[in-house]
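Presented below is the structure to which this report refers.
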2 protein chains.
Amino acid sequence: MVVSQPWAFVALLSGIISVGVATWLYRWVNRQDAGSERAQEVASWIREGAQTYLRRLYMALTLVAAVLGIIIAIVFSFDIENLGMDMATVDPVRGITMALAFVVGAVCSAIAGYMGMSVAVSANVRSAVAANESINRAFRVAFYAGSVMGLAMVGLAVVGMSVIYLMTGDPEIILGFSFGASALALLAKAGGGIYTKTADIAADLVGKVEVGIPEDDPRNPAVVADNVGDNVGDVAGMGADIFDSYVASTVAAMLLGASLFIHDSALQARYTLLPLVLCTLGIAASLIGIRFVRVGQSGKPGRALNSGTIITCALFAAMATALVLVGGYNLGVLWATLAGLVTGVVIGFTSDYYTSSNFRPVLETAEVSGSGSALNIITGFSYGLISVVPSILGIAIATLLSYYLSELSGISGIYGVSISAVGMLSVSGMIVSSDAYGPIVDNARGIAEMAGMSRDVIDRTDVLDAAGNTAKAITKGFAISAAALTVLALFAAYAEVVGARGVQLSISLRNPIVIAGVLLGAATPPLFSALTMLSVTHNAFDMIGEIRRQFDEHPGILAGTEAPDYAACVGLAAQGALTSLVFPAFLAMVLPILIGIILGPEALGGFLGGSIFTGVIFALLMSNAGGLWDNAKKFIETGEFGGPGSDAHKAGVVGDTVGDPFKDTAGPSLNTLITVMSLVSSLFAPIIAAFHLF
Amino acid sequence: MVVSQPWAFVALLSGIISVGVATWLYRWVNRQDAGSERAQEVASWIREGAQTYLRRLYMALTLVAAVLGIIIAIVFSFDIENLGMDMATVDPVRGITMALAFVVGAVCSAIAGYMGMSVAVSANVRSAVAANESINRAFRVAFYAGSVMGLAMVGLAVVGMSVIYLMTGDPEIILGFSFGASALALLAKAGGGIYTKTADIAADLVGKVEVGIPEDDPRNPAVVADNVGDNVGDVAGMGADIFDSYVASTVAAMLLGASLFIHDSALQARYTLLPLVLCTLGIAASLIGIRFVRVGQSGKPGRALNSGTIITCALFAAMATALVLVGGYNLGVLWATLAGLVTGVVIGFTSDYYTSSNFRPVLETAEVSGSGSALNIITGFSYGLISVVPSILGIAIATLLSYYLSELSGISGIYGVSISAVGMLSVSGMIVSSDAYGPIVDNARGIAEMAGMSRDVIDRTDVLDAAGNTAKAITKGFAISAAALTVLALFAAYAEVVGARGVQLSISLRNPIVIAGVLLGAATPPLFSALTMLSVTHNAFDMIGEIRRQFDEHPGILAGTEAPDYAACVGLAAQGALTSLVFPAFLAMVLPILIGIILGPEALGGFLGGSIFTGVIFALLMSNAGGLWDNAKKFIETGEFGGPGSDAHKAGVVGDTVGDPFKDTAGPSLNTLITVMSLVSSLFAPIIAAFHLF
């Protein structure tokens, strides 16, 4: 079926424009002054390290994608519903289309991540150099570089989805695209998270603790791996993560839209396409919003980022209202969109309360640090647990509002829930832009230090760096709640797909097989977190061995007369991260199918439900507690409670180090984990249903 | 209705025998040599401190029980099902009966806790004195004292339940008894947990860290509060905790039994009474098993405790088999009982893997401690997360086995699940006896130190103490999994009670109101944990202030010429713990009713489900991680990885201190929290259903 709806072309066009602007900004950043030879040399280490890692990652992923693609091609060539009745119904075209969609999804996600990474490793040094001139100029370089990531991501996603829709008209094929994007996101995010913290912990433990050289000292063989890690984990990882939620929420809504109005194909197509239209509006709003992000004479980069986000949201809300009213869509869609958007922003700013040094949680954690590391950990962990509550309340309220307001307006409530996820994520272009800004200025600071720039420059990059932290906290809260709504929609889509295959799914908590499924599902996110965190400590010990070896065998390194072998550390961290992914990837992609086949589709429904509930809770806990410990340490470093070097500071460092794998490894991968599990279940639902019917 | 089934009288008799043996053992313990004047003086501080705490606790609880009792009396005087149709159906007798059952439940729980506490504070010094003679003798004093707790608890529970059943024949009244027991258990457990760790942390921070006096030094004003805490939290708290699961599982099974065979009242009564019969067999098995716990010439107290547990389980299994075969019960009951019993024991021993220094988790945590506190925390926390998986698997398997084997045998599957919980808990008499032994020998060690007994005695009490740790780990795993099965059964009972009121409950995860309920329920256990842990740190800071004040105003204390004011610290800890309970108690007792009334009975079903899933996961995580850190520290103290005083040891102490509120405050209260929430929902289900029907 070929669909020729004008809106699909508009969506395609908006995607192309978004990618075009990203490319233009990419060139603009590259045209900026790259500074002295020394600065360029330092930057080149990081760039080469990042490329080494990405090369290895993408080689591994190509293999994974090829294997999965072949499996998908074979499985979807069979018309499973009719299997056993008529073996002749083999349809290789559908199988190959699905596999292609999968591969294209993975490739788009990879390209977005790659563009974000390469502009980041090019912008870091340029932002540091620009800081010589003014904060304003340095901010612009970093933020526009961040926008490359944001715009490339939403653009590629919309191009991919609209092309597939224009060619096939079948949202189930887009599910393949989404699975490709998410599978890659999971590996990129979890792998990047393990990589970055392996390098960070190893560099700190040998560098700062054992031999007593400062952070970011170029004599430390792991320093490049550490700086690469910031790019790998934070830029490529976060980009892939939002890419995946963005696509998944749109697909879930399209799938649910396709199940509406099945007797009126024009209306059906309208509501199937609506999520893509909302994405288009979001791109337009983001493009305008990005223009408004400027640091004036006040020099407050944090305020510039926040006002950009607010302007984008307001613009999007206005456009969505106009669309629904003028376009004659059901009003419920508007309520759902606004419910999602407002909740996303509110949750984002709430998570700032738990992680910013202006409020009680961080202050109390910093204060008790004077009485030892244990109290720092207990207090930070407790507030991390409490921080779960407002977000969960927000998600519950958004779910109920979007469901019942849609039902009251006469449209499917569960479609409303999926639209609220789309509404929340529609402004991702802007959100990711301010998020990607963070690691770029963090790196700029590192380069300024390593290249021996002036104290003024370092101070300016400090100001820029601090502004990135709030943006990061907001994005994380936003990403997690968006993922929660997305997976709730996917969960409904799963039931829909299974239901369409004749298995009436009652995922009742009064059914013991569902309870068993929920119990197993609920245990999966904690297990996944633990595995990734243990990978960090195990890999860090391997790397500590390597650093010690270099110091022992080449005494010139510490003397400053010999260059350390940075590549060895980068390679070790990359290899370790990829090897550590095998079992977590199994949990994400194979376990749901096994549960579905062995215990049946109702147990799988319970399994998905259980994994969503604990996945969201652990993601919030770990991200917020990690951010809280980080900022408590930074607060002590400003001279409070004894300041740097005091007992309180030592305790703060312990908390920060515990928080590192919490917030950068385990926490953020959990969104992607639950998305992948939901997608894999929806995609393979026909097969699971077929097994069950036999 | 008055029931005159012979088995109810047998149950009553077995309960009376159990209480009788407990009383006899209590006297036996008190007849043992209480040692020198100095030892008696030290012991009297702890005894008086414990009495101060208990007096305050029970005064507060009397107030709470009175208020709740009056509410229950009023609410249950109305025949709610017919409310609105015929206002004349007021039945004050039922209301008062229910309130009386509630108060009797609370009183029984309190008496069991009080007996356990008073024998513990009398046995500690006697066990230390007996250690002068031999390990064997000291072990016997401590274990028989533990048995007082175990036997009093199961005895009082069975007496209470069988008397109410004989008098009313109505399991819903026993629900009131169970709620009384659980409400008291929650306050005793959470309050005791806050109390004990407040004293522990404050005593350590001022004593060991600030003024540098050893642990258990009598100059420390908080030392008595610390030793009292071991009794309050571990003996009274754990006793109340198991008491509550024991009663709740029996009641849930009786309620579900009463809903079977509604057209054959003889059969119905048989299966309603069966849970009480299983309790009777469990008491008999425990009484015999306790006789077999002896330390022979080998002097291995750990082995003696384990073999006692195994003998009791084997005896109980044999008796249950005989009962079902001879008594002509449905075979499904037997399978369910055995599934529960075996799972309980297997989970108990599994949790030993994660917390014993013979296996990798503790060893790796101890090893990485050499590289700092942060790695100790990350590693311990990660293994804590992993430790959740085997128990969750066990609970899922026990649920499925007991459900489907019962269904296959032709009896209600959900009744089977409830019977498996009863089967697991039936041997509680023995389990609690070995568990209560732990804090008694821990205290004996403290008294030996404080009273200046010989090195030989202290070494012997060390051996006794180490044996208590495994028993404790087993009990905790056992208590949590039993609570999980119990609340699953209660959950089914809730649906049953609501269903009987004409509200057909479909707790489907496809319903957004259920999802909202699950999300809120899932967030409650983390919030509860955080609140209790923050209470510990806040109260500890208050107590630190008091200790410093005493040292400042009375310099004679540190010089050893003046006695510190122990009572002030005890009072402060007690007051702080009780005040901190207000909001957690609200979460447990009022929130479920509010959810049910505002969002409806289906949302409440989801809420209970969500709280069970995360409650079990957090309970396992916190108990196991806490035990793991404790033993990693102890392992380093044996001289490994640098031994006492090394950097590894310092990191180990940090982990242990973090683990303290995990394992002794937050973790173990979570069982009781979910039990209380389930009971309150079942008890008030008729009211919630009535609101919903209006």
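A ring-centre distance under 6.0 Å is not found for Phe618(A) and Phe528(A).
Leu205(A) touches chain B through its side chain: at least one heavy atom from C-beta onward sits under 4.5 Å away, while N, CA, C and O do not. If you measure heavy-atom distances from Leu509(B) to chain A, the contacts under 4.5 Å come from both the backbone and the side chain. In this structure, chain B has heavy atoms under 4.5 Å from both the backbone and the side chain of Leu520(A). If you measure heavy-atom distances from Ile544(A) to chain B, you find no contacts under 4.5 Å at all. Only the side chain of Asn511(B) comes within contact range of chain A, judged by heavy atoms closer than 4.5 Å. Heavy atoms of Ile617(A) lying under 4.5 Å from chain B belong exclusively to its side chain. Neither the backbone nor the side chain of Ile414(B) comes within contact range of chain A; no heavy atom of the residue lies under 4.5 Å from a heavy atom of that chain. Proximity to chain A involves both the backbone and the side chain of Ile513(B), based on heavy atoms less than 4.5 angstrom apart. Contact annotation for Pro512(A): both backbone and side-chain heavy atoms come within less than 4.5 Å of a heavy atom of chain B.
Taken to the nearest 0.5 Å, the CZ atom of Phe583(B) stands 6.0 Å off from the CG atom of Leu531(B). Atoms CG and CD1, on Asp664(A) and Ile194(A) in that order, are 12.5 Å from each other to the nearest 0.5 Å. For the atom pair Leu485(B) CG and Ser402(B) OG, the distance stands at 6.5 Å (nearest 0.5 Å).
Not one N or O on the side chain of Ser611(A) forms a donor-acceptor pair closer than 3.5 Å with the backbone of Gly521(A). With hydrogens and angles ignored, the 3.5 Å screen pairs no side-chain donor or acceptor of Thr665(B) with any backbone N or O of Phe662(B). Panel note: side chain Thr614(B), backbone Ala522(B); a donor-acceptor pair is recorded below 3.5 Å. Tyr494(B) places a side-chain N or O within donor-acceptor distance of the main-chain N or O of Pro601(B), the cut-off being under 3.5 Å.
The only member of Leu591(A), Leu519(A), Leu599(A) that meets side chain to side chain contact (heavy atoms under 4.5 Å, CB included) when paired with Phe607(A) is Leu591(A).
Of the listed residues Ala374(B), Ala396(B), Gly372(B), Ser387(B), the one with more heavy-atom pairs under 4.5 angstrom with chain A than any other is Ala374(B). Interface check for chain B: of the options Ile392(A), Leu534(A), Thr657(A), Val654(A), the most heavy-atom pairs under 4.5 Å are formed by Leu534(A). Chain A forms the most heavy-atom pairs under 4.5 Å with one residue out of Ile377(B), Ile395(B), Thr379(B), Val518(B), and that residue is Val518(B). Of the listed residues Ala530(B), Gly609(B), Ser373(B), Ala540(B), the one with more heavy-atom pairs under 4.5 angstrom with chain A than any other is Ala530(B). Among the candidates Ile397(A), Thr399(A), Val388(A), Leu400(A), the residue making the largest number of heavy-atom pairs closer than 4.5 Å to chain B is Leu400(A).
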